[in-house]
Amino acid sequence: MPIGEFALRSPIHAGFRRPWMNCAEESPSGAETRLADLGVYWLEEPLSSDDVTGHATLAAALRMPVAVGEHLHGRFEFAAYLHARAASVLQPDVPLTGGVTEWLRISAIAEAFGATLNPHFLPELHVHLAAAVPNCPYVEHFPLIEDVLQEALTVHNGLVSPPDRPGHGMLWDLSALDDLRVR
């Protein structure tokens, strides 16, 4: 089952400051218009990850989805964003959230709030999870660990299919890993 399609995202990474009326820079709604004209689908991490209230204020002022989560840990931190209506795209990563079971819990909570998931890290791991849940249309792909894998994910026309293997499906290149060993 192929996952995703190509979508531009704007990784702001705490680039907005608040209160915006005290900034000499462009307002969030002005930035949104400019980004939307470029085809950007969501704002990624626009404020510090601990600023739930600021994200809620920003999300209420914008039509563009706000994405958070690459720095959040566990379902309770994600739930705080959902309860505050501070984000509609969540980016949980299995290594940071507490494992596969916790990632699946975050997916279920997000689905109850009508939010989608887009894992931020290790697409080779997350592609199977994305295929297993109804609310994960995207997997962010960038080659981070391909040098230590026997087989990398193949993106074709913006889509990727999970490997046809059980478990996480990754095949480690043991000689490449051995070269990285500290002796």
Side-chain angles (χ1 to χ4, degrees), residues 1 3-5 7-23 27-29 31-32 35 40-142 144-145 153 160 162 166-170:
M1 170 168 119
I3 302 296
E5 65 180 55
L8 292 175
R9 296 152 347 259
S10 177
I12 302 294
H13 297 286
F16 283 130
R17 291 179 290 179
R18 64 181 200 114
W20 300 284
M21 65 287 287
N22 293 335
C23 291
S27 71
S29 59
E32 175 189 30
L35 291 169
V40 173
Y41 179 66
W42 68 61
L43 292 178
E44 183 175 316
E45 301 280 335
L47 301 167
S48 174
S49 63
D50 62 351
D51 189 356
V52 177
T53 303
H55 278 91
T57 302
L58 183 61
L62 301 177
R63 293 178 310 276
M64 182 178 289
V66 172
V68 299
E70 64 186 75
H71 300 289
L72 300 181
H73 302 90
R75 66 187 177 272
F76 299 107
E77 289 186 12
F78 284 93
Y81 272 85
L82 293 169
H83 282 288
R85 301 183 191 277
S88 58
V89 178
L90 303 183
Q91 298 179 291
D93 293 325
V94 166
L96 293 176
T97 60
V100 170
T101 301
E102 189 69 358
W103 192 96
L104 292 170
R105 289 174 181 149
I106 293 165
S107 173
I109 294 167
E111 185 181 10
F113 279 87
T116 60
L117 271 62
N118 173 65
H120 163 263
F121 178 63
L122 293 176
E124 298 83 3
L125 175 61
H126 290 105
V127 68
H128 284 282
L129 295 171
V133 299
N135 58 332
C136 189
Y138 303 108
V139 173
E140 187 169 333
H141 183 266
F142 53 95
L144 186 62
I145 64 169
L153 288 177
V160 64
H168 57 62
M170 292 184 281

Item to complete: Please report the C-alpha distance between N118 and W42 in whole Å, then the side-chain angles of each, then the deciding distance to 0.1 Å, and finally whether the side chain to side chain contact (heavy atoms under 4.5 Å, CB included) criterion is met.
Response: CA-CA 11 Å; N118 173 65; W42 68 61; 3.4 Å; yes
Discussion item. Pair V139, L129 - check side chain to side chain contact (heavy atoms under 4.5 Å, CB included), show working.
Written reply: CA-CA 10 Å; V139 173; L129 295 171; over 6 Å; no
Item to complete: Report the C-alpha distance between W103 and L117 in whole Å, list the side-chain angles of each, state the deciding distance to 0.1 Å, and finish with yes or no for side chain to side chain contact (heavy atoms under 4.5 Å, CB included).
Response: CA-CA 10 Å; W103 192 96; L117 271 62; 3.6 Å; yes
Worksheet item: Run the side chain to side chain contact (heavy atoms under 4.5 Å, CB included) check on F113 and R85 step by step: do they pass?
Response: CA-CA 9 Å; F113 279 87; R85 301 183 191 277; 5.9 Å; no
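Residues P46 and A67 share a closest heavy-atom pair of CD-O, 3.9 Å. Of all heavy-atom pairs spanning P95 and L125, the tightest one is CD-CD2, 4.4 Å. The shortest heavy-atom contact between F78 and V68 is CE2-O, 4.1 Å. Of all heavy-atom pairs spanning L72 and T97, the tightest one is O-CG2, 4.4 Å. Smallest separation of non-hydrogen atoms from A80 and V52: O-CG1, 3.8 Å. Between A86 and A59, the shortest heavy-atom contact is O-CB, 3.8 Å.
Among pairs with a residue in residues 92-120, those fulfilling salt bridge (Lys or Arg N to Asp or Glu O under 4.0 Å) read R75-E102, E102-R105, at least two apart in sequence or across chains.
Here OG of S49 is found 8.5 Å from NE2 of H73. Values are rounded to the nearest 0.5 Å. How far OG of S48 is from NE2 of H71: 9.0 Å, rounded to the nearest 0.5 Å. From N135, atom CG reaches atom CD1 of I106 across 11.0 Å, with rounding to the nearest 0.5 Å.
Between H141 and V160 the shortest side-chain heavy-atom distance does not fall below 4.5 Å. Taking the side chain as every heavy atom from C-beta outward, M170 and I145 approach each other to under 4.5 Å. At least one side-chain heavy atom of P119 sits under 4.5 Å from a side-chain heavy atom of C136.
A ring-centre distance under 6.0 Å is not found for F121 and H126.
Between the side chain of H128 and the backbone N or O of P162, no donor-acceptor pair lies under 3.5 Å. Using modelled atom types, no side-chain atom of E70 and backbone atom of P92 make a donor-acceptor pair closer than 3.5 Å.
Classification of the H120-F142 ring pair by plane angle, with boundaries at 30° and 60°, yields tilted.
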